[in-house]
Amino acid sequence: NRKETAKLDLVLAESNTVTLDKLPAGVTVAFLVEERDLEAINGIRAICKYQKHEALIKQILEMCLEKESIQYTKKNVLGKVTKVMYVTSPSGGKGTTTVAVAAAKTFASTGKKVLYISFEKNAATEIFFHSDAENNFTDVIYSLKSKKGNLISRIETIVQQDISGVYFFNACRSVLDMNELTYEDVRIMLQDICSLGSYEYIVMDSVLEYNDNGFFLCDYADDIVVVTSAGDMGREKLSRMGLALKIWDQEKDSRLISKVSLLYNHVNGEIEDAEMANTFKVAGYIPEYADTNESQIVQSIIEMTLFEKYI
């Protein structure tokens, strides 16, 4: 489904049996007709229903492939699909990076090949992952901008592997370098990495930006984990984020809301919030950890088994 409210992806019907303006946005329609040489009716594709079933199925599949071609491709040439998780939050300071790292390490602990990518302007990657290499995300940005040679080959020389098994990029040399990264750069990078088929999971990490890049990261992801906090301020920011996602769903015919799971951080016990519960699924609750460092908190989150359901 394109979104939860759209129960249909493809409608095949006789021209006088369907009211087009009552169909959800994003649904592909074709009319089944008797004439072999009729290609369309009022701009809607026509398919002759009196033909061999192989030919009929072929035409229907072609329609599906045409529709799929405008969606994001995560398959490589062997047909393997990279699963993408986006860990984000309505604003900074919610623990997004800590949660994203825990997710990546959880996947890697099961033997999956996982790539962690931080799109934070001021990433703290080296706190959680370690490498002696000098290559970093600035080199990835330069490779994207230079458009020389094979991008995937260059990215594979930049990516590092942590002792946990997670693959990652060291943070940029300067936080200012991240300002050079455009929506188009991010799109090309992610689609090229997925086309390689080397990684089974990609875990992305950033505070949500309410622009084309923010929408793309949400739309490209299979699962969106929103890290939030309790209290009036946290609830207000989450509510505003939910409104933005709903507007994107309506205007761009996406299904972002249905992909979101909330993860409440720094809380003691469950949170009763009927309004948010009606909008989002709740993935779990992470307590406040005192007298512990970030790596210890990551390990504690891993032990909560919050991400095993995504494997």
Side-chain angles (χ1 to χ4, degrees), residues 1-86 183-184 186-197 200 202 211-224 242-261 278-281:
N1 291 338
R2 289 288 296 138
K3 55 184 179 180
E4 281 192 332
T5 56
K7 303 301 182 184
L8 306 170
D9 291 308
L10 175 66
V11 172
L12 301 175
E14 294 186 359
S15 60
N16 61 348
T17 62
V18 61
T19 304
L20 297 179
D21 58 5
K22 291 186 177 181
L23 292 175
V27 174
T28 298
V29 180
F31 290 136
L32 295 173
V33 298
E34 297 181 359
E35 299 86 348
R36 289 184 177 274
D37 57 351
L38 184 60
E39 296 183 354
I41 299 176
N42 297 326
I44 304 297
R45 184 166 179 169
I47 298 177
C48 178
K49 57 185 176 181
Y50 298 124
Q51 56 181 315
K52 290 184 178 180
H53 73 276
E54 293 91 345
L56 182 62
I57 291 173
K58 181 175 182 293
Q59 285 186 275
I60 294 172
L61 286 175
E62 286 174 352
M63 289 182 62
C64 294
L65 289 173
E66 288 172 3
K67 184 176 180 66
E68 181 66 21
S69 68
I70 66 172
Q71 306 301 320
Y72 306 122
T73 301
K74 299 176 191 172
K75 290 183 179 180
N76 69 345
V77 292
L78 299 178
K80 294 181 180 179
V81 179
T82 300
K83 191 166 184 179
V84 180
M85 172 181 281
Y86 181 32
Y183 149 72
E184 186 66 14
V186 173
R187 184 190 66 78
I188 290 171
M189 179 183 70
L190 287 175
Q191 292 190 344
D192 280 10
I193 290 173
C194 287
S195 70
L196 177 66
E200 295 168 273
I202 294 176
N211 53 25
D212 287 344
N213 192 50
F215 171 77
F216 170 74
L217 292 178
C218 289
D219 203 34
Y220 195 76
D222 298 290
D223 298 292
I224 305 170
L243 178 59
L245 296 179
K246 287 179 181 178
I247 292 172
W248 276 339
D249 275 352
Q250 293 167 0
E251 293 184 348
K252 299 176 180 291
D253 187 32
S254 54
R255 54 180 188 89
L256 307 184
I257 291 289
S258 66
K259 296 191 289 185
V260 171
S261 295
N278 288 333
T279 304
F280 303 114
K281 301 182 292 290

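One N or O on the side chain of Lys259 and one on the backbone of Ala221 form a donor-acceptor pair closer than 3.5 Å. Panel note: side chain Lys281, backbone Ser258; a donor-acceptor pair is recorded below 3.5 Å. Between the side chain of Asp222 and the backbone N or O of Val84, at least one donor-acceptor pair lies under 3.5 Å. Of the possible donor and acceptor atoms, one in the side chain of Asp249 sits under 3.5 Å from a partner among the backbone N and O of Ile257. The backbone N or O of Cys48 sits less than 3.5 Å from a side-chain atom of Gln51, completing a donor-acceptor pair. Remark: the backbone N or O of Leu217 is not paired with any side-chain donor or acceptor of Arg187 at under 3.5 angstrom.
Note that the SG atom of Cys218 and the CG atom of Leu256 stand 5.5 Å from one another [nearest 0.5 Å]. Residue Leu32 holds its CG atom at 10.5 Å from CD of Glu34, rounded to the nearest 0.5 Å. Summarising the geometry, atom NZ belonging to Lys246 is positioned 14.5 Å from atom CD belonging to Glu251; distances are rounded to the nearest 0.5 Å. Taking CH2 of Trp248 as the start and CG of Asp253 as the end, the distance is 15.5 Å to the nearest 0.5 Å. The line from CD1 of Ile41 to CD of Glu35 is 7.0 Å long, rounded to the nearest 0.5 Å. Annotation: the span from Ile224 atom CD1 to Leu245 atom CG amounts to 6.5 Å, rounded to 0.5 Å.
Here the shortest heavy-atom pairing between Lys83 and Asp223 reads CE-OD2, 3.2 Å.
Two residues are said to be in side-chain contact when any heavy atoms from C-beta on lie closer than 4.5 Å; Asn213 and Val186 meet this criterion. The closest side-chain heavy-atom distance from Asn42 to Phe31 is not below 4.5 Å. Between Glu39 and Arg45, the closest side-chain pair of non-hydrogen atoms is not below 4.5 Å. Looking at Leu190 and Tyr220, their side chains come closer than 4.5 Å, going by heavy atoms from C-beta outward.
In summary, the side chains of Asp219 and Ser254 do not present any donor paired with an acceptor at a separation below 3.5 Å, with no hydrogens or angles considered.
For Asn211, the side-chain hydrogen bond (donor to acceptor under 3.5 Å, both in side chains) partners are Glu209, not counting sequence neighbours.
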